[in-house]
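Report on one structure; see the data block that follows.
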Amino acid sequence: MGTDKPQFRSIDPTRLPKHFDAAEAEQRWDRFWDEGGIFAWDPTRPREESFVIDTPPPTVSGSLHIGHVFSYTHTDVLARYKRMQGLNVFYPMGWDDNGLPTERRVQNYFHVRCDPHAPFEEVLEIEPASAKQRKSHPRLVSRPNFIELCERVTVEDEKAFEGLFRRLGLSIDWRQQYATIDRHCRLISQRSFRDLYEKGHLYNRDAPTAWDVDFQTAVAQAEMEERSKPGAFHHIEFAVEGDAGSFVIATTRPELLPACVGVTAHPDDPRYKGLFGKNAITPLFRVPVPIFPSELADPEKGTGILMVCTFGDQTDVQWWREEGLALRQLIGRNGTLMPVAFGSDEFPSADADAANRYYAEIAGKGVNQARKAIVELLRDPDAGAAGGGAPLQSEPEPIEHNVKFYEKGDRPLELVPTRQWFVRLLDKQSELLAKGEQVQWHPKFMHSRYRDWTEGLNADWCISRQRYFGVPIPVWYRLDEHGAPDYDDVLVAEAERMPVDPTTDAPTGFEEEQRDQPGGFTGESDIFDTWFTSSLTPQIGSYWSLDAERHGKLFPADIRPQSHEIIRTWAFYTIAKAMLHEDEIPWKHVVISGWVLDPDRKKMSKSQGNVLTPMPLIEKFTADGARYWSASARLGTDTAADEKVFKVGKRLATKLFNAGKFVLGQEAFVHPVQTELDRAFVAKLRGLIERATASFEDFNHAQALSETETFFWTHFTDSYLELAKTRARGEAGDGEAERGSAVASLRLGLDVLLRLFAPFIPYISEEVWSWAFAAEKGESSIHRAAWPSSAELDGIDVPTTEASFDVAVTCWNAINKAKADSEVSMGREVEALTIAADAETLAGLEPVLGDVLAATRCRAHTLAVDASVETGSFAMRDVRFAPKPD
RNA sequence: UGGCACGUAGCUCAGUGGUAGAGCGCCGCCUUGACACGGCGGAGGCCGGCAGUUCAAUCCUGCCCGUGCCAACCA
């Protein structure tokens, strides 16, 4: 039996460096983890034994940000915890490289523009543009060449991100990587499109769509934001047809006057009741437009009567549709006023010559210039207002109002009729809400963000973008005998042919020569909204539609970590996709990290210039220090990037290094835990394990860290270690059994604490673990060691009372205070003292008294029963210190 | 304007229906044998404001103030 006893291994602490070299250790362990496949997902194990993470793919064109450290650490802490629980963790990494940010970056970096008609160059020779080159016209390159450049840039970006993530110690399985533009993702995205098309969830339609005039692409509701901008009410007089008087409308967009197609007021508004059914005549352009009632008109706003234009806002679109109004599109795709001819069927006018003269003044101008110009025209007293005089009734009245912008855009969105592809979502709001209920949100209140967004949905999902770098929409359209496309006759690529590029591949049954020929076909040149691909990250990882077995093991995922501002996009669209494809939820839990605020508690953003780059912080405070700061923050809580907290993390690692050195440096006696103090310590340890585990199960990693940290400092290094150290070193004259008990308990404490810390500060944990425990326990990495359980402690006898530990600490502290009050060092020997307490308290001290006296270097003591001392505390009397040694 | 959070020591943050907590910072002391990248001790709070529920409120309820985020038909 004796030979079965665990063999303790001790170390020679003098062979360890004086200080922990974190930078060196970070490199060494990263290599060790990588080469040892410590974080590899095992595809042979069943779903029940797995923990699947839907890692957020960072936008690689963005800069490295301290926020990346923050949120990715939250995920990694959980991943390491689950792995130590024996689960087969699937922790992939994706790179979000398609979309506008990359295009913009490539345009700036190489000083190029994509021109789909430019000739393709087999070998594109181009270098990053110099400052001088940037002043000249950008070079035009073909779409394939442009994409090539995009890929060149993103590969570099991905390396920077991987470097940071490795340094940070993210336990990612680097074999599971994808990029949203790679072949695999194009395939999954296009199959998603085909599946949705076959299920009838898609349609394409030529309709007014939110349009960014700079990027020249359609934009989805989720990508819009409102900004408060100064504007002005312009009061403009309209005549009523047949010399039937006039009225004054108020508008912030006078430049749309030529696009006026109607006038409306509230049906009950007495001022305008009599006008309904008649025509108004627009000033300057003399276009007759119908006056109709609408509940949507607010009598309180402006003058209570307003002009409907194609298109000033969403309500205009609604009126235009419901009233069957004319379409007089004015704003072109580039944001300027297009040439139009008054007197035509489209733009009728009572005085076409005058109208065209006026319009010539504003045609071709941008919105702002046109507005200024038309205001001047409206001041013209001969412009023919109904009552004579200028149509503009008063000076423009400045107001602040909300204007919709593309979130990445600089100019307000316009509504431009274009043909776009949509996913039908408006008719599925209640199903989407139900799916949101099935997902568990952490913290819980984040669910309301999803609910609010889903309830407030007001448009289907526009998924087509008129850009170049992205996943092509895999469709072609048949051309009739005149060469006009039939958008109802959609040729969707077959699943087996995907991925395809319709601008270079021909649809099945056609030859390339038939491209853009009458009776032939034309390829869709639009690409997908980047979210169309990003919303498939769970399926991209699981190989949906490609590998049913793998898909079954990885879908739905367990957790989706993400930040709260993209609940309306990433979380929402991912839930929508999982629902539409398989009537599933994509993951069981959504784990939301907060934002990083700068030390002044402002949100960090590039525009504010207060962004912290992570590498210098990691170099200064170590990866463990940075992780400590991240993990200290609860989920969903915005957190200041406070260097003080980084520092505490670094200090914690140092302390672990030193405590490990001491504990493992003791001669390794194998003895059961048997003294009262040791057993009481182990009992406390049991409580810690239970609390830390419960906190993790509750998705409260910060609590688990805080519990462990407090225990480590307060109960381990500051108390137990000090109280047990003399006995452990054999200096207290105890027998080998008592000495061995102390060593065994110290080792147990270190062992458990290291494992509890491992998810948070993996480098120092691995380092100390490697000194002895790795060989002792036959587990080379702490990150594959078992998460501590109270069952491990079941073989250890319980103390007479767990309170013994606190009694010993209280007494010890009281003696320390006596030393502090006398301004002697903590190490000073005490020749004699009297410990006074009430009888019961004194009795409780008895089993641990030896350790207390040894730790405080008391040579002689007297115990005195004194009922006047507060129960549970000790009074030190007649303390005589030994003389200070020379 | 509506929804959701947040407001606790100088700073960063925990926390509980019953005497208010940690770390950092500050002050004093201690060259101690794992660690001076330490240790011990100390000062420091109308727990945003006002009401209500309760024997008892920092905690529960309501209102208000302040901060942040998300949304809201641009006339």
Side-chain angles (χ1 to χ4, degrees), chain A residues 13 16 18-20 225-227 229 231 233-234 249-253 256 263-265 296-298 301-309 311-319 399 401-405 412-415 443 445-453 455-456 458 564-565 567-568 594-595 597 599 601-603 629 632-634 636-645 647-648 650-666 702-703 706 709-710 713-714 717-718 721-722 725-726 729 731 813 815-828 857:
Chain A
L16 289 171
K18 177 124 175 88
H19 298 301
F20 177 49
E225 64 184 28
E226 304 222 343
R227 297 181 199 163
K229 291 282 168 187
F233 267 131
H234 299 74
I249 60 106
T251 180
T252 56
R253 299 207 59 182
L256 290 179
V263 167
T264 188
L296 295 172
D298 179 357
K301 220 164 180 181
T303 57
I305 189 163
L306 62 124
M307 67 171 182
V308 178
C309 306
F311 295 94
D313 64 24
Q314 270 306 329
T315 331
D316 281 347
V317 176
Q318 197 177 335
W319 281 316
I399 54 160
H401 62 167
N402 286 341
V403 184
K404 279 199 165 69
F405 281 73
L413 289 169
E414 296 293 346
L415 287 156
F445 66 77
M446 289 296 179
H447 180 209
S448 63
R449 306 257 174 127
Y450 174 83
R451 203 175 40 229
D452 290 351
W453 175 256
E455 283 171 353
N458 60 30
H564 45 73
E565 86 274 21
I567 288 175
R568 66 176 187 171
W595 273 336
L597 308 173
R601 293 205 58 82
K602 289 202 200 83
K603 189 199 168 189
W629 162 73
S632 298
R634 290 171 306 154
T637 307
D638 294 348
T639 304
D642 185 353
E643 289 203 357
K644 287 182 308 195
V645 182
K647 205 168 115 186
V648 171
K650 184 181 178 181
R651 203 177 63 124
L652 173 62
T654 303
K655 193 73 173 176
L656 262 175
F657 179 84
N658 287 315
K661 222 160 56 167
F662 171 75
V663 170
L664 296 172
Q666 302 309 307
Q703 176 75 17
S706 162
E709 185 194 11
T710 302
W713 284 104
T714 309
T717 63
D718 289 352
L721 196 150
E722 294 296 339
K725 98 188 336 179
T726 317
R729 284 196 297 237
E731 291 167 2
N813 283 341
I815 298 174
N816 283 341
K817 179 150 167 49
K819 289 180 177 178
D821 288 347
S822 303
E823 300 189 349
V824 303
S825 83
M826 291 302 123
R828 182 76 74 86
R857 298 178 192 202

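Letters A, B, ... mirror the listed sequences (proteins, then strands); counts begin at 1. All heavy atoms count here, side chains included; hydrogens, waters and symmetry mates do not.
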Item to complete: Give a yes/no answer on whether the side chain of A:Arg634 brings an N or O atom under 4.0 Å of OP1 or OP2 in B:G15.
Response: yes

Worksheet item: If you look at every strand shown and take non-hydrogen atoms under 4.0 Å, does A:His19 touch a base, only sugar-phosphate, or nothing?
Response: base

Discussion item. When both hydrogen-bonding distances must be under 3.5 Å and the geometry is Watson-Crick or G-U wobble, what is B:G41 paired with, if anything?
Written reply: B:C27

Worksheet item: How far apart are the C-alpha atoms of A:Glu643 and A:Trp629, what are their side-chain angles, what is the distance that settles it, and do they pass the side chain to side chain donor-acceptor pair (under 3.5 Å) test?
Response: CA-CA 8 Å; A:Glu643 289 203 357; A:Trp629 162 73; over 6 Å; no

Worksheet entry | Residue A:Val648, side-chain atoms from C-beta onward, closest of B:A34, B:G23, B:C69 | B:G23

Item to complete: Please confirm whether any donor atom in the side chain of A:Glu823 sits under 3.5 Å from an acceptor in the base of B:G41, or the reverse.
Response: no

Fill in: Options B:C73, B:C37, B:G39, nucleotide nearest the side-chain atoms of A:Thr654
B:C37

Worksheet item: Which pair of heavy atoms, one from A:Phe311 and one from A:Arg253, lies closest together, and at what distance?
Response: O-NH1, 4.4 Å

Discussion item. Does B:A36 have its OP1 or OP2 closer than 4.0 Å to a side-chain nitrogen or oxygen of A:Lys18?
Written reply: yes

Worksheet item: Does any donor-acceptor pair link the side chain of A:Gln314 with the base of B:A72 at a separation under 3.5 Å?
Response: no

Worksheet item: Is any N or O donor-acceptor pair between the side chain of A:Lys644 and the base of B:C11 shorter than 3.5 Å?
Response: yes

Worksheet item: Are OP1 or OP2 of B:G39 and a side-chain N or O of A:Lys655 less than 4.0 angstrom apart?
Response: yes

Discussion item. Does B:C24 have OP1 or OP2 under 4.0 Å away from a side-chain N or O of A:Arg651?
Written reply: yes

Worksheet item: Taking OP1 and OP2 of B:G23, is either one under 4.0 Å from a side-chain nitrogen or oxygen of A:Lys647?
Response: no

Item to complete: For A:Ile305, report the nucleic acid contact type (base, sugar-phosphate, nothing); a contact means any heavy atom under 4.0 Å.
Response: nothing

Response to the item:
Which of B:U32, B:C73, B:C13 is nearest the side chain of A:Ala640? It is B:C13

Worksheet item: Considering Watson-Crick and G-U wobble pairs with both distances under 3.5 Å, what does B:C69 pair with?
Response: B:G3

Worksheet, complete the sentence: Between CG of A:Asn658 and C1' of B:G38 the distance, given in whole Å, is 9 Å

Worksheet item: Within the modelled atom types, does a donor on one side and an acceptor on the other bring the side chain of A:Ser448 and the base of B:C4 under 3.5 Å apart?
Response: no

Worksheet entry | A:Arg729 vs B:A34: side-chain N/O to OP1/OP2 distance below 4.0 Å | yes

